[in-house]
Student: 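My questions will all concern the structure given below.
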Amino acid sequence: MSADERRRMIVQSVLPLLVEHGAGVTSSQIARAAGIGEGTVFRVFKDKDELFATCFAEALKPDQVLDAIAVIDLDQPLDDRLVEAADALSAHLQRMGALMAVMHGSGRRHEHRPGDHGDRRKESMSTMRDAMAELFEPEKDRLRLPPSQSAALFLSLLFSGRIRFSETGDEPTTMELVDVFLNGALAAA
């Protein structure tokens with residue numbers, strides 16, 4: 001196994017442990033989850049701080065959600081496509097939020113260089129918008145706005161709605177959110 005493959009394998013093994021235990025995860029738990037010796041962990045990462053930073057960077061990547069969006073069948077109705085995508089995006093947000101919350105709660109915060117987080121966030125949002133635009137593309141002749149703008153608006157509604165409603169417990173279902181997005185807030189006459 002190459003060094004990069006070993007790093008990826010360790011990070012994938014550690015992410016669930018970080019969500020469960022926070023920064024208090026032990027070297028032996030890490031090694032056991034990855035199926036390697038403790039010494040191997042520190043031959044690949046200089047210390048836990050480097051490992052945790054790599055885990056944060058991995059959790060922020062949208063790769064998993066982009067893969068889920070890419071396999072959505074474009075022949076199904078738009079509302080079904082959007083529900084599938086919204087569910088995948090919501091799961092991504094929940095994973096990121098869980099990791100951030102537990103790490104913050106255990107006294108650790110993600111350290112980043114100035115500008116780095118914003119650049120990655122913009123790039124991540126841009127790739128998610130582009131993936132979502134592909135879901136709108138088959139309906140481009142019926143849309144009031146171009147697919148990329150429709151995708152940006154949908155993501156804005158989805159992300160802001162999920163964050164705000166999670167605090168009140170008054171969260172609409174994914175289908176309700178998609179229905180209001182596609183058909184508006186007014187009931188049919």
Side-chain angles (χ1 to χ4, degrees), residues 1-72 83-132 134 155-156 158-169 171 173-174:
M1 184 179 292
S2 74
D4 284 342
E5 291 171 329
R6 188 172 306 277
R7 284 176 72 85
R8 277 192 296 279
M9 183 267 303
I10 293 170
V11 166
Q12 291 304 314
S13 299
V14 172
L15 279 168
L17 291 176
L18 287 176
V19 171
E20 185 178 344
H21 301 286
V25 66
T26 66
S27 301
S28 64
Q29 287 172 312
I30 292 168
R32 196 170 29 258
I36 56 176
E38 283 184 59
T40 304
V41 173
F42 298 107
R43 279 193 290 280
V44 177
F45 297 96
K46 72 178 181 185
D47 55 26
K48 275 187 179 180
D49 289 335
E50 182 185 6
L51 173 58
F52 293 165
T54 305
C55 287
F56 271 110
E58 183 64 26
L60 294 174
K61 285 182 184 177
D63 298 355
Q64 192 174 7
V65 74
L66 293 173
D67 290 345
I69 292 170
V71 299
I72 293 174
V83 167
E84 275 189 61
D87 286 342
L89 288 159
S90 294
H92 175 67
L93 287 177
Q94 288 173 347
R95 283 189 302 273
M96 284 186 353
L99 178 61
M100 299 302 169
V102 76
M103 292 302 285
H104 186 0
S106 62
R108 276 259 159 90
R109 288 193 175 161
H110 173 51
E111 303 285 327
H112 59 273
R113 292 165 289 184
D116 183 45
H117 178 68
D119 292 344
R120 273 191 296 190
R121 186 173 172 271
K122 283 180 189 174
E123 181 182 328
S124 177
M125 288 303 295
S126 177
T127 58
M128 283 191 269
R129 184 199 61 234
D130 293 346
M132 289 299 298
E134 293 292 322
L155 288 171
S156 177
L158 177 67
F159 289 166
S160 65
R162 296 294 190 208
I163 292 168
R164 288 193 185 110
F165 285 117
S166 66
E167 295 168 359
T168 65
E171 185 174 347
T173 66
T174 303

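For the numbers below, each heavy atom of this structure counts, side chains included, while hydrogens, waters and symmetry mates do not.
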Student: When rounded to the nearest 0.5 angstrom, what distance separates CG in D87 from CD1 in I69?
Tutor: 11.0 Å
Student: For the residue pair L66 and M128, what are the closest heavy atoms and their distance?
Tutor: CD2-CA, 3.9 Å
Student: Strictly by salt bridge (Lys or Arg N to Asp or Glu O under 4.0 Å), give each pair with a member in residues 5-29 just once, sequence neighbours left out.
Tutor: R7-E50
Student: Got a list of side-chain donor-acceptor pairs under 3.5 Å for residues 29-41, not counting sequence neighbours?
Tutor:
residue, atom, partner, partner atom, Å
Q29, OE1, T26, N, 2.8
Q29, OE1, T26, OG1, 3.2
T40, OG1, R43, NH2, 3.1

Student: Starting at NZ of K122, measure out to CZ of R129 and round the result to the nearest 0.5 Å.
Tutor: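 Answer for the NZ-CZ pair, K122 versus R129, is 12.5 Å.
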Student: Can any side-chain N or O of S13 pair as donor or acceptor with the backbone N or O of M9 at less than 3.5 Å?
Tutor: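 The answer is yes, because a donor-acceptor pair under 3.5 Å joins these two groups.
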Student: How many angstroms lie between atom CG of L158 and atom CG of L93, to the nearest 0.5 angstrom?
Tutor: 7.0 Å
Student: First locate atom CG of L99, then atom CG of L18, and finally report the distance between them rounded to the nearest 0.5 Å.
Tutor: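 L99 atom CG to L18 atom CG measures 6.0 Å (nearest 0.5 Å).
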Student: Give every donor-acceptor pair under 3.5 Å between a side-chain atom in residues 55-65 and any protein atom, sequence neighbours left out.
Tutor:
residue, atom, partner, partner atom, Å
E58, OE1, K61, NZ, 3.3
E58, OE2, Q12, NE2, 3.4
Q64, OE1, R95, NE, 3.4
Q64, OE1, R95, NH2, 3.4

